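Just so it is clear: chains get the letters A, B, ... in the order the sequence lines come, proteins before strands, and each one is counted from 1. Being a predicted model, the structure only gives us computed values, none of them experimental.
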There are 2 protein chains.
Amino acid sequence: MGDSSQEESALVKKNVVHLGECVEIMNSLPEKSVDVIFADPPYNLQLAGELTRPDNSKVDAVNNDWDKFDSFRAYDEFTWNWLKAARRVLKENGTLWVIGSYHNIYRVGALLQNLDYWMLNDVIWRKSNPMPNFRGRRFTNAHETMIWVAKSKTSKYTFNYESMKALNDDIQMRSDWLLPICNGGERLKNSEGDKAHPTQKPESLLHRVILSSTKPGDVILDPFFGTGTTGAVAKKLGRQFIGIEQDQEYVKIATKRISQVKQLDDINLVSIEQKREQPRIPFGTLIERGLLEPGTTLYGPKKKYSAKVRADGSLISNEFQGSIHKVGAMVQGASACNGWTYWHMDAEGREVCIDVLRQQVRAEMTN
Amino acid sequence: MGDSSQEESALVKKNVVHLGECVEIMNSLPEKSVDVIFADPPYNLQLAGELTRPDNSKVDAVNNDWDKFDSFRAYDEFTWNWLKAARRVLKENGTLWVIGSYHNIYRVGALLQNLDYWMLNDVIWRKSNPMPNFRGRRFTNAHETMIWVAKSKTSKYTFNYESMKALNDDIQMRSDWLLPICNGGERLKNSEGDKAHPTQKPESLLHRVILSSTKPGDVILDPFFGTGTTGAVAKKLGRQFIGIEQDQEYVKIATKRISQVKQLDDINLVSIEQKREQPRIPFGTLIERGLLEPGTTLYGPKKKYSAKVRADGSLISNEFQGSIHKVGAMVQGASACNGWTYWHMDAEGREVCIDVLRQQVRAEMTN
DNA sequence: GGACGTGTTGAATCGCCCA
DNA sequence: ATGGGCGATTCAACACGTC
């Protein structure tokens with residue numbers, strides 16, 4: 001640290017994208033010169049075969065050479081190497097973010113611990129619009145995981161607690177963040193109109209990462225720069241960045257993109273209002289939480305129809321089974337039905353609409 | 001497998017809690033005898049009194065002069081051992097769930113992959129009422145992570161897709177679950193009125209785990225049984241369980257707790273019929289049974305294409321002949337097609353999907 | 001020019017049975 | 001073991017064209 005490091009630092013080109021392999025370039029940077037590292041490494045997806053949607057259209061999967069590894073061992077070695085190089089350039093009080101999915105994040109997390117990084121949080125990016133599970137064979141893979149670590153247990157790292165609280169309607173920011181995936185106008189396209197990069201991250205995600213863990217003027221390094229979301233948001237928020245990317249095409253795209261970004265006039269005014277989320281309460285929640293016993297009989301208006309509740313939140317009437325909405329529609333011969341207002345239960349002699357129970361759960365969930 | 005395994009199985013006491021160390025007890029069970037394992041392993045090393053160093057010397061948590069590397073090594077070895085024993089007792093088509101936090105889950109996940117378990121999902125339990133971060137130095141740690149794995153890539157594991165969809169108001173269940181932590185009347189207290197166990201899991205969480213990945217009658221093993229939430233919910237939902245717990249006090253508490261649980265009256269209430277398990281009805285059956293006359297014209301959507309039914313259950317269009325699926329695919333130029341939902345017929349002026357006829361046959365067959 | 005309907009798309013480890 | 005046939009399967013957001 002100190003003078004010599006600052007002198008060296010001055011020689012490093014900031015706010016540009018360096019073309020090349022990230023370990024090599026990181027090793028060419030002065031040690032302990034970077035405040036925060038954000039890394040979006042290859043996920044090692046191990047995809048095989050093709051996947052089609054129910055309408056027979058083909059899913060455009062990640063099929064790039066940079067995501068292909070021969071084995072977990074090879075992926076671990078790759079990961080170890082870049083984490084080690086990252087550690088060298090990171091300041092003692094710096095922090096590092098890595099994003100990944102279940103394919104790779106457990107390996108990354110274990111290696112971070114082995115390298116004496118100190119875990120501060122794991123943060124779940126909940127996607128508001130994930131790709132569905134087309135075959136119905138698993139749960140919809142609706143999130144990605146970010147691990148946030150300090151260089152050591154004793155690091156005096158930056159965490160802008162008040163900014164995060166302000167961003168979250170004056171409630172502490174939680175470790176699960178609901179944000180949309182990157183599409184629409186933000187998604188960069190190539191000359192053919194296809195997506196320029198298969199895994200471009202949304203700016204809203206980087207916005208929260210950078211606001212939470214850096215100060216204005218801090219240097220943010222991204223060793224897998226891609227189309228440069230980290231650089232674009234860093235510039236916008238008055239931070240500096242060092243981008244490393246080994247694909248010349250991506251370097252070109254990112255450079256152009258960032259040149260069009262304007263730094264915000266007053267960073268202190270930055271705030272993306274966050275509406276407090278009104279959680280959706282599915283009917284099944286009432287059963288899981290014991291507010292309604294499986295086997296309970298529900299009635300339609302005037303007790304014309306009845307159906308029984310099952311443990312999975314489906315209803316069963318004489319002929320039909322399905323959700324409260326579906327069975328409600330079917331007994332009436334209607335095309336649709338709001339089951340919440342249609343079905344009632346006996347509660348101490350009185351008919352109670354099941355929507356009352358939902359309001360009860362919602363009150364508990366938002367308190 | 002087969003007879004000998006069944007004989008052995010008969011000797012294993014089910015629906016009871018076994019007192020002892022989980023690896024030892026799992027190794028005493030017959031191999032490939034368990035459908036699902038749910039594990040909530042300790043991650044506070046102080047709790048894991050049995051930890052040994054790789055050289056088999058005891059880790060002394062009180063005089064902990066061992067460094068961090070040793071501690072991760074010890075935790076990995078502990079984890080490796082129980083995952084290995086779990087793998088032996090798990091059926092080929094069985095699945096395993098592990099729950100943990102950022103302290104341990106990355107080590108567990110990496111070891112699962114190293115042991116050739118095949119990841120199906122990681123599932124985020126979002127706590128609706130997490131403990132706040134009192135010092136305001138990090139994000140509120142508001143979730144825990146569950147990893148769901150099959151024994152191998154080729155396992156034919158159980159996933160009750162329709163049940164999960166029903167539970168979630170007819171939308172695919174996502175990988176992030178919002179559920180409250182265990183407190184109130186559900187939280188077991190000791191004689192002093194303190195919580196009986198530090199990490200008692202909510203029954204709602206196990207309800208969803210068990211409904212999603214087991215059939216009624218399946219055997220669920222929990223090697224870190226604690227106060228027996230897994231057993232309580234398994235019994236309620238008509239599943240069997242094998243509990244293993246090394247603390248005599250917990251065994252007592254869990255046993256008493258489960259004895260007070262009642263199984264739901266009707267096992268049929270427990271799970272809606274999964275479409276994939278319905279009997280297969282060949283298209284030709286409709287003709288044989290007189291529900292469809294040979295020579296009838298069927299139409300694709302918007303009557304864009306048509307084809308005629310022949311007596312042997314094949315279709316013939318202008319150019320193609322073959323099964324309802326093949327002809328459906330060929331007229332569209334698609335690689336595949338579900339003929340049951342593609343083809344429609346005129347019935348008294350209305351378009352009727354031929355799948356309706358299949359449902360009629362199914363109803364007749366089950367009555 | 002808004003309402004509505006149609007079409008496209010996104011880091012995805014996405015069948016099973018039987019001959 | 002392996003290949004072919006049966007037949008199961010999608011949510012939210014955005015773009016675009018029509019009325």
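Contact annotation for B:Gly339: no contact, since no heavy-atom pair falls under 4.0 Å across all strands. Contact annotation for B:Gln172: backbone-only contact, meaning every heavy-atom pair under 4.0 Å involves sugar-phosphate atoms and none involves a base.
A close approach under 4.0 Å does not occur between any side-chain nitrogen or oxygen of B:Arg280 and OP1 or OP2 of C:dC16. The side chain of A:Arg135 contributes no N or O atom lying less than 4.0 Å from OP1 or OP2 of D:dG7. At least one side-chain nitrogen or oxygen of B:Asn338 sits closer than 4.0 Å to the OP1 or OP2 atom of D:dA8. Under 4.0 angstrom from either OP1 or OP2 of C:dT13 there lies at least one side-chain N or O belonging to A:Asn141. The phosphate of D:dT10 (OP1 or OP2) has a side-chain N or O of B:Tyr161 nearer than 4.0 angstrom.
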Go through the steps to decide whether A:Arg135 and A:Thr52 satisfy the test side-chain hydrogen bond (donor to acceptor under 3.5 Å, both in side chains), and finish with yes or no. CA-CA 9 Å; A:Arg135 288 288 145 102; A:Thr52 54; 3.0 Å; yes
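Between A:Arg107 and B:Asn114, the side chains place a donor N or O and an acceptor N or O closer than 3.5 Å (distance only, hydrogens not considered). Side-chain N/O atoms of A:Lys127 and A:Asn141 include no donor and acceptor closer than 3.5 Å.
In this structure, A:Phe78 has its ring center closer than 6.0 angstrom to the ring center of A:Phe69. Aromatic ring centres of A:Phe139 and B:Trp177 lie closer together than 6.0 Å. Side-chain rings of B:Trp118 and A:His103 stay apart, their centers remaining 6.0 Å or farther from each other.
Atom CD of B:Gln278 is separated from atom P of C:dC16 by 16 Å (rounded to the nearest Å). Spacing between atom CG of A:Leu179 and atom P of D:dA12 amounts to 17 Å, rounded to whole angstrom units. Taking atom CG of residue A:Asn190 and atom C1' of nucleotide C:dT9, one finds them 15 Å apart after rounding to whole Å.
Annotated as syn: C:dT13, whose glycosidic dihedral is within 90° of 0.
Distances from the side chain of A:Arg138 to the nucleotides C:dG15, D:dT9, C:dT13 place C:dT13 closest. Distances were taken from every side-chain heavy atom of A:Leu51 (C-beta onward) to each of C:dG10, C:dC14, D:dA8; the shortest belongs to C:dC14. Of the candidate nucleotides C:dA11, D:dA12, C:dC14, C:dA11 has the atom lying nearest to any side-chain atom of A:Trp66. The side chain of B:Ile171 lies closest to D:dA12, out of C:dG10, D:dA12, D:dC6. For A:Asn133, the side-chain atoms get nearest to C:dC14 when compared with the rest of D:dC14, D:dA8, C:dC14.
For DNA chain D, runs of at least 3 consecutive pairs of the Watson-Crick or G-U wobble type, with both hydrogen-bonding distances under 3.5 angstrom, map to C:2-10 with D:11-19, C:15-19 with D:2-6.
The base of C:dT9 lies outside donor-acceptor range of the side chain of A:Arg187, with no N or O pair under 3.5 Å. Interface remark: the A:Arg53 side chain does form a donor-acceptor pair with the C:dG10 base, using a distance-only criterion of under 3.5 Å. Taking 3.5 Å as the limit, the base of C:dA11 and the side chain of A:Lys127 contain no donor-acceptor pair of atoms between them.
Comparing A:Glu144 and B:Lys156 along DNA chain C, the residue whose closest nucleotide (by nearest heavy atom) sits nearer the 5' end is A:Glu144. Annotation: of the two residues near DNA chain C, A:Leu47 and A:Asp194, the 5′-most nearest-nucleotide partner is A:Asp194.
If you run side-chain hydrogen bond (donor to acceptor under 3.5 Å, both in side chains) between B:Tyr161 and each of B:Gln274, B:Lys275, B:Gln172, only B:Gln172 comes through.
Among residues two or more places apart in sequence or in another chain, the ring-ring contact (aromatic ring centres under 6.0 Å, His included) test is passed with A:Tyr102 by none.
Aromatic ring pairs are classed by plane angle as parallel below 30°, tilted from 30° to 60° and perpendicular above 60°; the pair B:Trp148 and B:Tyr157 is perpendicular.
Stacking here means ring centres nearer than 5.5 Å and ring planes tilted less than 30 degrees, and by that measure B:Trp118 stacks onto C:dT13.
The stretch residues 304-326 of chain B touches DNA chain D through B:Ser323, B:His325, B:Lys326, each having a heavy atom under 4.0 angstrom from the strand.
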